[in-house]
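Positions are given from 1, in the same order as the sequence printed here.
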Amino acid sequence: MRYQAALRPDIINDNDTAESTAVSIINDGTRYNFSLDMQSLRYALVAYVKSPVGEFVENLRRELHPNLPHLAAHITFLPPRLLRGTEGAALQMLAGICSQAEPFEVTLGDMQSFVPTTPTVYIRVTYGAARLQELHDQLNKQILAFAEEWPYIPHLTIVKMATEKAAEQALQIARARWRQYSGSRRILLDRLTFVREDAQHCWVDLAPVPLGGSLVSP
């Protein structure tokens with residue numbers, strides 16, 4: 001699966017591939033050795049949103065910026081970063097921490113933008129934001145430690161526009177659509193995905209990382 005990074009953070013899904021890749025990484029610690037070529041690769045940790053609100057976000061994104069490729073709605077746990085070790089070691093760390101974190105719910109609040117920092121429209125997470133922040137801080141250490149460009153704000157990205165003016169116009173439309181949305185604004189977060197940058201604005205799933213469980217089932 002692929003998604004676009006619109007930092008603030010900001011994937012065609014193949015679960016079989018993701019599962020097999022996870023098994024390969026865990027069972028073969030030398031497969032993804034940290035070489036000079038890999039030092040420029042960026043990684044992130046996201047939770048895909050596949051509920052009706054996720055569909056709403058993806059449809060809204062197409063409306064606001066139809067030239068963008070299809071992007072999967074997601075909440076970012078770790079914004080894009082370089083690793084301080086191998087993919088396998090990073091996955092082991094993710095599995096260890098996330099296995100101790102129980103699934104939890106978040107609720108989406110108002111439609112906002114990061115203007116003037118970046119022309120990005122997003123929905124801020126309200127209920128559950130503190131738990132997201134806590135887990136982000138637990139994960140942003142050791143192999144995954146990174147000096148992020150902006151403070152972490154739990155949110156669900158809608159779209160990143162080209163200019164501030166375009167973002168302000170998109171925000172007005174997004175707020176109107178959000179007021180009309182009658183579905184649930186609650187999201188259960190129980191399964192994260194470790195992803196790697198494959199090309200500019202293109203990311204590839206590496207492995208599922210469940211909360212409160214093992215990375216690879218026996």
Side-chain angles (χ1 to χ4, degrees), residues 1-6 8-19 21-22 43-62 70-80 90-91 93-112 120-140 144 152-159 174-175 177-195 203-218:
M1 179 174 281
R2 304 175 184 274
Y3 79 97
Q4 180 174 12
R8 294 296 181 98
D10 241 18
I11 275 176
I12 308 172
N13 188 16
D14 187 338
N15 291 330
D16 292 338
T17 299
E19 295 285 353
T21 301
Y43 296 78
L45 185 68
V46 303
Y48 293 119
V49 180
K50 298 182 179 180
S51 60
V53 73
E55 182 179 354
F56 165 84
V57 167
E58 293 174 12
N59 289 335
L60 179 57
R61 185 182 292 129
R62 293 188 189 97
H70 176 73
L71 308 175
H74 63 276
I75 293 175
T76 300
F77 277 71
L78 287 178
L91 276 167
M93 177 181 170
L94 289 172
I97 295 175
C98 291
S99 66
Q100 302 301 312
E102 293 301 318
F104 62 100
E105 282 191 342
V106 299
T107 301
L108 299 177
D110 295 335
M111 194 76 66
Q112 301 182 24
T120 300
V121 177
Y122 69 96
I123 309 175
R124 188 155 187 166
V125 173
T126 52
Y127 176 81
R131 186 69 188 94
L132 272 167
Q133 180 74 60
E134 179 184 5
L135 193 50
H136 164 271
D137 294 346
Q138 291 175 350
L139 294 167
N140 189 29
L144 294 164
Y152 178 72
I153 296 178
H155 69 281
L156 198 166
T157 296
I158 301 298
V159 67
R175 282 176 170 167
R177 299 292 183 270
W178 191 226
R179 286 193 296 267
Q180 297 168 359
Y181 175 72
S182 60
S184 174
R185 301 189 180 194
R186 300 171 64 183
I187 302 170
L188 174 64
L189 300 177
D190 59 355
R191 177 187 174 96
L192 313 183
T193 304
F194 189 43
V195 299
W203 296 73
V204 178
D205 287 0
L206 290 180
V209 183
L211 294 180
S214 301
L215 181 65
V216 180
S217 301

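Taking Phe77 as the reference, nothing meets the ring pair (Phe, Tyr, Trp, His ring centres under 6.0 Å) condition, with sequence neighbours excluded. The side-chain contact (heavy atoms from CB on, under 4.5 Å) check on Arg175 picks up Met111, Leu171, Gln172, Arg179, with sequence neighbours excluded. In terms of the side chain to side chain donor-acceptor pair (under 3.5 Å) criterion, Gln138 has no residue partners (sequence neighbours excluded). Residues forming a side chain to side chain donor-acceptor pair (under 3.5 Å) with Arg62 (at least two apart in sequence, or on another chain): Asn59, His70. Legend: residues meeting side chain to side chain donor-acceptor pair (under 3.5 Å) with Asp137, ordered by chain and number and at least two apart, are Gln133. For Glu134, the salt bridge (charged side-chain N to carboxylate O under 4.0 Å, His left out) criterion is met by Arg131, not counting sequence neighbours. The salt bridge (charged side-chain N to carboxylate O under 4.0 Å, His left out) check on Glu102 picks up nothing, with sequence neighbours excluded. With sequence neighbours excluded, the residues forming a ring pair (Phe, Tyr, Trp, His ring centres under 6.0 Å) with Tyr181 are Phe56, Trp178, listed by chain and number. Here Arg185 pairs with nothing under the side chain to side chain donor-acceptor pair (under 3.5 Å) rule; sequence neighbours left out.
Put simply, the side chain of Leu188 does not reach to within 4.5 Å of the side chain of Ser51, judged on heavy atoms. Between Leu156 and Val49 there is a side-chain heavy-atom pair separated by less than 4.5 Å. Counting heavy atoms from C-beta on, the side chains of Leu94 and Leu192 never come closer than 4.5 Å. At least one side-chain heavy atom of Leu189 sits under 4.5 Å from a side-chain heavy atom of Leu132. Proximity of Leu60 to Val121: side-chain heavy atoms (C-beta onward) are nowhere separated by under 4.5 Å. Looking at Thr126 and Asp110, their side chains never come closer than 4.5 Å, going by heavy atoms from C-beta outward. Between Phe194 and Leu78 the shortest side-chain heavy-atom distance does not fall below 4.5 Å. Proximity of Leu206 to Tyr43: side-chain heavy atoms (C-beta onward) are separated by under 4.5 Å at one or more points.
Across Thr107, Ile187, Leu108, a single residue satisfies side chain to side chain contact (heavy atoms under 4.5 Å, CB included) together with Val125, and that is Leu108.
In this structure, Arg191 contributes its side chain and Tyr48 its backbone to no donor-acceptor pair below 3.5 Å.
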- After noting the C-alpha distance and the side-chain angles of Leu144 and Leu45, does the key distance pass the side-chain contact (heavy atoms from CB on, under 4.5 Å) rule? CA-CA 10 Å; Leu144 294 164; Leu45 185 68; over 6 Å; no
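Distance check: Thr120 OG1 to His155 NE2 gives 7.5 Å after rounding to the nearest 0.5 Å.
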